[in-house]
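These notes concern the structure reproduced below.
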Amino acid sequence: MSQRKRQKISPLITQKSDLFEEQPDDIVVCILCKLSSSASCPSDFINILVTCKRLNRLALHPQVLSKAGPKTFAIRAKNWSDSAHRFLKQCVNAGNTEASYTLGMIQFYCLQNRASGASLMAKAAIKSHAPALYSLAVMQFNGSGGSKNNKDLRAGVSLCARAAVLGHIDALRELGHCLQDGYGVAQNTADGRRLLIQANARELASSLRSMLTWQPQHQNEHQWQQLPYASCVTIGSMGCPLLSDFGCNVPAREVHPANRFLREWFESGIGVMGPNLRLCSHSGCGRPETRPHEFRRCSVCGKVNYCSRGCQAIDWKLRHKVECVPMELWHGVDGDDNEIGGMVEIEEG
């Protein structure tokens, strides 16, 4: 019998080769930048940090931290720690505007470090960060962190206008009400109503785009694609009545991680609010009062309060529309300046 010849194996193949270690740092950093910007939750990024020493070092590169998206900072209030605080500061130092806004909101409202929080939000606003501009406008309208005399309505209108130009729906709606009511700006009813219509149109377009990309949980993808269009916009158990006035029922606008953190922080009891202080009644806001009776109330029922007209408008469509019952006799603590008058009728129309 002829013996089979054994194939000679090259010694180079038998040796272990680490292809990852052979990649230049620039390529790895580029990959990590894409991962940090597209992460769907903090764990997507944290898992990279604990993989190996090289990935831990490169993942904390300033270029990677500067590209991190808002969901990378979607830290739950119960998981807040010194390490999370340091990580956000690292991202801020790397020039990340989302980190500046998120940490600014946390420091201003949760940690009650008013000066530092306002400075961080201003840092993001300078770089045309629309949510930061709108948050600063709300602070100016309410005089947050100070007394009632610290309100600066003209500054609030100016910040709202800048945020509205960048496409912020709530800022556009707030600006429309300011023009319509002459609040911090010369009254112009026609322009105010025009801006309110634009805000509703943008909200409709944004909700429809979300609906087209939204997939319900525990639903077979093939079956979902086979549903008729009318069924997709009228599934009551999977959506919310955001566009009920238009005969549609689609998912609500996604809450920013900073706002979700604020609400979890105070509702869970981690953060203790002072006496007679209240949270904004809109569930997607989370802003607390910094002094008693800072927020304005619904002038119809007097049972809910809002930090802004934008929160009042969205909460009216989501929830308060079916709960608001006129109260004939109730006495305001801060007078007419602390009431939201006429907004329910405007949004209803």
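For reference, positions follow the sequence shown, starting with 1.
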Taking every non-hydrogen atom, the tightest pair across F73 and A68
CZ-CB, 3.6 Å

Do E98 and H256 meet the criterion of a side-chain donor-acceptor pair at a distance under 3.5 Å?
yes

In Q112, R114, H85, the residue satisfying side-chain hydrogen bond (donor to acceptor under 3.5 Å, both in side chains) with Q107 is H85

Do L195 and Q180 make a side-chain contact, defined as non-hydrogen atoms from C-beta onward lying under 4.5 Å apart?
no

Taking side chain as C-beta onward, heavy atoms only, is Y109 less than 4.5 Å from W265?
no

Please indicate whether R194 has more than 12 foreign heavy atoms, meaning atoms of other residues, nucleotides or ligands, lying under 6.0 Å from its CZ.
yes

I need the M139 CE to T290 OG1 distance, nearest 0.5 Å.
8.5 Å

Is the shortest heavy-atom distance from the side chain of I314 to the side chain of R173 under 4.5 Å?
no

Strictly below 4.0 Å, N to O, side chains only: are K303 and E323 in salt-bridge contact?
no

When the ring planes of Y101 and H129 are compared, do they come out parallel, tilted or perpendicular, using 30° and 60° as the limits?
tilted

Given side chains that start at C-beta, do those of C280 and F295 come closer than 4.5 Å, heavy atoms only?
yes

Working note: R309 + D181, criterion side-chain contact (heavy atoms from CB on, under 4.5 Å); need CA distance, chi angles, decisive distance, verdict.
CA-CA 12 Å; R309 295 173 181 265; D181 302 336; 3.2 Å; yes

Between the side chains of K71 and E254, is the shortest nitrogen-to-carboxylate-oxygen separation below 4.0 Å, so that they form an ion pair?
yes

Side chains of N142 and C307: does their closest heavy-atom pair fall under 4.5 Å?
yes

Donor-acceptor pair between S135 and R287 side chains, under 3.5 angstrom:
yes

Stepwise side-chain contact (heavy atoms from CB on, under 4.5 Å) check, Q140 with V157
CA-CA 9 Å; Q140 294 292 339; V157 170; over 6 Å; no

